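Down below is the structure, laid out as structure tokens.
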Amino acid sequence: QVQLVESGGGLVQAGDSLRLSCTASGRTFSNVAMGWFRQTPGKEREFVVAISRSGVNPYYADSVKGRFTISRDNAKNTVYLQMNSLKPEDTAVYYCAIRPSSWRSTNNYDYDYWGQGTQVTVSS
């Protein structure tokens with residue numbers, strides 16, 4: 001049974017920072033790609049960033065490029081999302097996901113396992 005648990009969300013002001021964590025259990029973490037997505041009510045789940053098994057060359061959505069940074073610690077089965085210079089439009093539920101492949105993807109249909117989500121709210 002694969003489980004992903006996100007943490008680190010909260011209520012912050014515009015310009016502040018947050019670091020989200022996602023810890024996996026139930027499968028080998030080091031040989032899979034990981035992604036972060038976000039969703040607001042009434043909208044489709046939106047791609048944020050993805051990282052391959054190797055951790056090299058993560059791919060960011062244009063909306064977060066230069067502000068968000070993904071990293072992974074395979075020894076801890078954890079992927080992180082450092083979010084700086086947060087904006088009100090970053091407000092969403094953030095989900096991490098596992099893609100059972102070495103290669104990252106921006107398509108949420110390529111991911112098989114999802115966490116429960118963590119709420120990020122950015123006030124103006």
Side-chain angles (χ1 to χ4, degrees):
Q1 182 83 13
V2 177
Q3 285 193 315
L4 296 171
V5 178
E6 300 104 333
S7 61
L11 171 63
V12 297
Q13 293 188 329
D16 286 350
S17 298
L18 278 175
R19 189 176 81 154
L20 305 184
S21 300
C22 171
T23 300
S25 62
R27 72 159 294 151
T28 302
F29 180 81
S30 61
N31 62 359
V32 297
M34 300 291 296
W36 284 96
F37 294 78
R38 64 188 182 187
Q39 191 169 22
T40 53
K43 292 191 176 181
E44 296 280 327
R45 193 163 292 187
E46 176 191 19
F47 168 77
V48 176
V49 60
I51 189 167
S52 62
R53 179 188 69 175
S54 68
V56 176
N57 292 331
Y59 187 81
Y60 296 89
D62 287 343
S63 58
V64 306
K65 199 174 296 182
R67 299 188 297 121
F68 289 13
T69 303
I70 190 172
S71 60
R72 62 188 298 162
D73 185 338
N74 289 341
K76 295 182 179 180
N77 281 3
T78 300
V79 62
Y80 303 98
L81 183 63
Q82 178 67 43
M83 305 187 296
N84 299 330
S85 302
L86 282 161
K87 304 176 180 180
E89 52 263 43
D90 294 319
T91 295
V93 177
Y94 283 72
Y95 298 90
C96 67
I98 285 178
R99 183 183 188 215
S101 165
S102 299
W103 307 107
R104 52 173 167 75
S105 171
T106 63
N107 189 334
N108 60 344
Y109 295 107
D110 287 333
Y111 292 80
D112 288 354
Y113 304 101
W114 294 82
Q116 82 288 352
T118 184
Q119 176 70 48
V120 172
T121 303
V122 184
S123 64
S124 58

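Numbers for residues simply follow the sequence, beginning at 1. Keep in mind that what you see is a predicted model, and the values were worked out from it rather than measured.
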With sequence neighbours left out, what residues match T78 under side chain to side chain donor-acceptor pair (under 3.5 Å)?
T23
Donor-acceptor pair, E6 side chain versus Q116 backbone, under 3.5 Å?
yes
Indicate yes or no for a side-chain donor-acceptor contact from R67 to the backbone of S85 under 3.5 Å, with no hydrogens or angles considered.
yes
Less than 4.5 Å apart, any side-chain heavy atom of D90 and any of M83?
no
Give me each pair satisfying disulfide (SG to SG under 2.5 Å) with a member in residues 14-112, each pair once, sequence neighbours excluded.
C22-C96
I'd like to check the side chain to side chain donor-acceptor pair (under 3.5 Å) partners of R53; sequence neighbours left out, ordered by chain and number.
none
Flag side-chain contact, heavy atom, 4.5 Å: V120 against L20:
yes
For residues 11-18, tabulate all N or O donor-acceptor pairs below 3.5 Å that involve a side-chain atom, not counting sequence neighbours.
{"from": "D16", "atom 1": "OD2", "to": "Q13", "atom 2": "N", "distance (Å)": "3.1"}
{"from": "S17", "atom 1": "OG", "to": "N84", "atom 2": "OD1", "distance (Å)": "2.9"}

Using the test ring pair (Phe, Tyr, Trp, His ring centres under 6.0 Å), find all partners of Y60 that sit at least two apart in sequence or belong to another chain.
none
So, taking the atom named CE in M34 and the one named CG in L81, what distance separates them when rounded to the nearest 0.5 Å?
11.0 Å
Set of residues satisfying ring pair (Phe, Tyr, Trp, His ring centres under 6.0 Å) with respect to Y94, sequence neighbours excluded
none
Closest non-hydrogen atom pair between D110 and S105, with its separation
OD2-OG, 2.5 Å
Of all residues at least two apart in sequence or in a different chain, which pass the salt bridge (charged side-chain N to carboxylate O under 4.0 Å, His left out) check with E46?
R38
Sorted by chain and number, sequence neighbours left out, salt bridge (charged side-chain N to carboxylate O under 4.0 Å, His left out) with R19 holds for none
State whether K65 and D62 are salt-bridged, where the test is any N-O pair (Lys NZ or Arg NE/NH1/NH2 against Asp/Glu carboxylate O) under 4.0 Å.
yes
Answer with yes or no whether the hydrophobic clustering places V2 together with V79; edges join I, L, V, M, F, W, Y residues whose side-chain heavy atoms lie under 4.5 Å apart.
yes
Shortest non-hydrogen separation from L4 to A97 and the atoms involved
CD1-CA, 3.8 Å
If you group Ile, Leu, Val, Met, Phe, Trp and Tyr whenever their side-chain heavy atoms sit less than 4.5 Å apart, what else falls in with V56?
none
Tell me whether R99 contacts the main-chain N or O of N107 through its side chain, where contact means a donor paired with an acceptor under 3.5 Å.
no
Are side-chain heavy atoms of I51 and R104 found at a separation under 4.5 Å?
no
Atom pair CG (N77) and CD (Q3), whose distance is rounded to the nearest 0.5 Å
12.5 Å
Running the 4.5 Å side-chain criterion over Ile, Leu, Val, Met, Phe, Trp and Tyr, what cluster does Y95 land in, apart from itself?
F37, F47, Y59, V93, Y111, W114
Applying a strict under-4.5 Å side-chain criterion to I, L, V, M, F, W and Y, I'd like to know whether I70 and Y80 cluster together.
no
Can you check whether T91 reaches Q119 side chain to side chain, under 4.5 Å on heavy atoms?
yes
Could you identify which residues cluster with V5, counting Ile, Leu, Val, Met, Phe, Trp and Tyr as linked when any side-chain heavy atoms lie under 4.5 Å apart, either directly or through a chain of such contacts?
none
State which residues pass salt bridge (charged side-chain N to carboxylate O under 4.0 Å, His left out) with K43; sequence neighbours excluded, sorted by chain then number.
none
Under 4.5 Å between side-chain heavy atoms, counting indirect links through other Ile/Leu/Val/Met/Phe/Trp/Tyr residues: same cluster for V49 and V32 or not?
yes
